[in-house]
Amino acid sequence: MLFEFIAVVTVGVALAGIAMTLRFITRQRLPKWIIPVFAGLGMLFYTIWSEYSWFARVTAALPPEIPVAWHNADAAFWRPWSYYQPVINRFTAVDLRTAQRNANFPDQVMVDVILAARWQQSARVKVVLDCAGHRRADLIGRNVSIAENGEITGADWITLPADDPVLQTGCAGKAG
């Protein structure tokens, strides 16, 4: 967030410099107020561009084995343009490179789920997806363990709809 602030200020200063150059070239015929207008509009447009391009920039950096399963688009009154086109501010991706299966439980796959949100640290959560039973168990907590036969013990299973995007993505990639 600090780097974004520095970038916004830099854009403002650069566009104020361009406005001052335009005033110099026109021998001061342009009004003085053009300098803060250029700076302000430049900072505003950079902020809008940065918000709308965040999702595309982050997901472009992900390898193909980490597909995005879900994203959240948000509109807010302090960003009136977001009512026209909502801003994507967080997403969930499934790391298929970490997919593991157990022969005793062929309908279950263990994968890492990546939770990413704008201006926040990304989190990795190891989960087990029950593809046939349409449920998920987060492998967090002291009581969660994997028995010798591969059974998950101590986890709370969460029932999911059959069309849950994380379930679909993880289960589709379980053969890989």
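For the single chain, residues carry numbers from 1 onward in sequence order.
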Inset, instruction - Measure the spacing between CG of D112 and CG of L96 and express it to the nearest 0.5 Å. - result: 10.5 Å
Inset, instruction - Could you tell me whether the side chain of T169 and the main chain of V94 form a donor-acceptor pair under 3.5 Å? - result: no
Legend entry - Greater than 12 external heavy atoms within 6.0 Å of N72's CG: yes
Inset, instruction - Can you measure from CD (Q108) to CD (E151) and round to the nearest 0.5 angstrom? - result: 8.5 Å
Legend entry - Expected output: side-chain S50 to main-chain Y46 donor-acceptor under 3.5 Å: no
Inset, instruction - Count the heavy atoms belonging to other residues, nucleotides or ligands that lie under 6.0 Å from CZ of R29, then report whether that count exceeds 12. - result: no
Inset, instruction - Check the surroundings of atom OH in Y83: do more than 12 heavy atoms from other residues, nucleotides or ligands lie under 6.0 Å from it? - result: yes
Inset, instruction - Measure from the side-chain N and O atoms of R118 to the backbone N and O of F55, and report whether any donor-acceptor pair falls under 3.5 Å. - result: no
Inset, instruction - Answer yes or no: is there a donor N or O on one side and an acceptor on the other, between the side chain of T92 and the main chain of A69, under 3.5 Å? - result: no
Legend entry - Donor-acceptor under 3.5 Å (S82 side chain, V87 main chain): no
Inset, instruction - Spell out, as yes or no, whether a donor-acceptor pair under 3.5 Å connects the side chain of N104 to the backbone of N149. - result: yes
Inset, instruction - For atom CD of Q28, decide whether the heavy atoms of other residues, nucleotides or ligands shown that lie under 6.0 angstrom number more than 12. - result: yes
